[in-house]
Amino acid sequence: MPCYRCGLRQTDPERGKSPWRRGVVHDQLVLICPACQESADWTAELERCAKCRSAHLIRRLGQIECLDCGVVREPALIPSGGPGPASRLSPDTALADEVSRALDRLLGRA
């Protein structure tokens with residue numbers, strides 16, 4: 001999954017806690033890379049918990065959960081196309097292109 005803000009793809013993680021942060025935008029789970037977290041307003045677009053106003057939300061098992069207070073809710077239906085600025089990169093096409101280039105390099109076709 002790419003960074004919600006810039007589209008950078010996460011690489012193999014180091015041991016320990018990941019520097020990437022999770023959030024929810026338009027009821028979809030998103031990742032934010034360490035570089036984008038340096039912006040003072042990086043949490044501005046993230047959804048907030050209705051009970052405690054925390055942006056520490058995740059989506060799992062088809063539900064949105066606040067990791068701070070534990071409130072769980074069902075996601076609303078949203079139009080296809082996904083959330084955020086990086087979604088305009090068409091993640092499916094970008095990923096397919098990236099995989100194709102990697103296979104070409106691996107098989108010596110590049």
Side-chain angles (χ1 to χ4, degrees):
M1 177 183 297
C3 175
Y4 163 74
R5 295 187 63 166
C6 69
L8 178 70
R9 288 206 169 273
Q10 188 176 20
T11 58
D12 289 335
E14 301 286 326
R15 286 194 176 265
K17 187 176 178 180
S18 173
W20 287 63
R21 299 292 301 268
R22 294 180 290 184
V24 174
V25 177
H26 301 295
D27 288 342
Q28 298 296 310
L29 181 68
V30 297
L31 291 177
I32 299 94
C33 73
C36 288
Q37 292 173 41
E38 292 176 9
S39 167
D41 67 343
W42 73 270
T43 61
E45 296 179 51
L46 299 180
E47 291 182 24
R48 300 205 171 263
C49 175
K51 181 177 179 184
C52 71
R53 303 304 301 154
S54 169
H56 201 194
L57 304 176
I58 61 168
R59 180 176 175 150
R60 63 177 167 206
L61 302 174
Q63 297 178 322
I64 310 296
E65 179 180 353
C66 177
L67 296 177
D68 288 339
C69 72
V71 167
V72 176
R73 69 172 175 83
E74 296 295 319
L77 295 176
I78 64 167
S80 62
S87 68
R88 69 177 162 258
L89 300 175
S90 180
D92 294 335
T93 304
L95 179 59
D97 290 343
E98 186 177 329
V99 169
S100 178
R101 286 191 304 274
L103 284 172
D104 287 344
R105 284 191 306 271
L106 183 67
L107 300 173
R109 296 185 284 196

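Starting from 1, each residue takes its place in the sequence as its number.
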**Considering all heavy atoms, the nearest Arg5-Cys36 contact** = CB-SG, 3.6 Å
**Message:** Quick check: closest heavy atoms across Ile32 and Gly23, and the distance to 0.1 Å?
**Reply:** CD1-N, 4.4 Å
**Message:** Test side-chain contact (heavy atoms from CB on, under 4.5 Å) on Arg48 and Thr43; report intermediate values, then the result.
**Reply:** CA-CA 9 Å; Arg48 300 205 171 263; Thr43 61; 3.6 Å; yes
**Asked** Do Arg59 and Pro75 come within less than 4.5 Å of each other through their side chains, counting heavy atoms only?
**Response** yes
**Item:** Heavy-atom check, side chain of Leu57 versus side chain of Cys49, under 4.5 Å
**Value:** yes
**Donor-acceptor contact below 3.5 Å, side chain Glu47 vs main chain His26** = yes
**Fill in**
Between Arg73 and Asp27 the two heavy atoms that sit nearest each other are NH2-OD1, 2.8 Å
**Request:** Compare every heavy atom of Glu74 with every heavy atom of Gly62, then report the nearest pair and how far apart it is.
**Result:** O-OE1, 3.7 Å
**Prompt:** Can you name the residues that form a salt bridge (charged side-chain N to carboxylate O under 4.0 Å, His left out) with Arg53, not counting sequence neighbours?
**Reply:** none
**Request:** Please report the shortest heavy-atom distance between Leu29 and Arg22, naming the atom on each side.
**Result:** CD1-CB, 4.0 Å
**Any Ile58 side-chain heavy atom under 4.5 Å of Ile64 side chain** = no
**Item:** side-chain contact (heavy atoms from CB on, under 4.5 Å) evaluation trace for Gln37 with Arg21
**Value:** CA-CA 8 Å; Gln37 292 173 41; Arg21 299 292 301 268; 3.1 Å; yes
**Request:** Could you grab the distance from atom CZ of Arg60 to atom CD of Glu65, nearest 0.5 Å is fine?
**Result:** 4.0 Å
**Request:** Measure across Trp20 and Leu8 and return the closest heavy-atom pair with its distance rounded to 0.1 Å.
**Result:** CH2-O, 3.4 Å
**Request:** Please report the C-alpha distance between Tyr4 and Glu45 in whole Å, then the side-chain angles of each, then the deciding distance to 0.1 Å, and finally whether the side chain to side chain donor-acceptor pair (under 3.5 Å) criterion is met.
**Result:** CA-CA 10 Å; Tyr4 163 74; Glu45 296 179 51; 2.5 Å; yes
**Item:** Interatomic spacing from CG in Leu67 to SG in Cys52 - rounded to 0.5 Å
**Value:** 10.0 Å
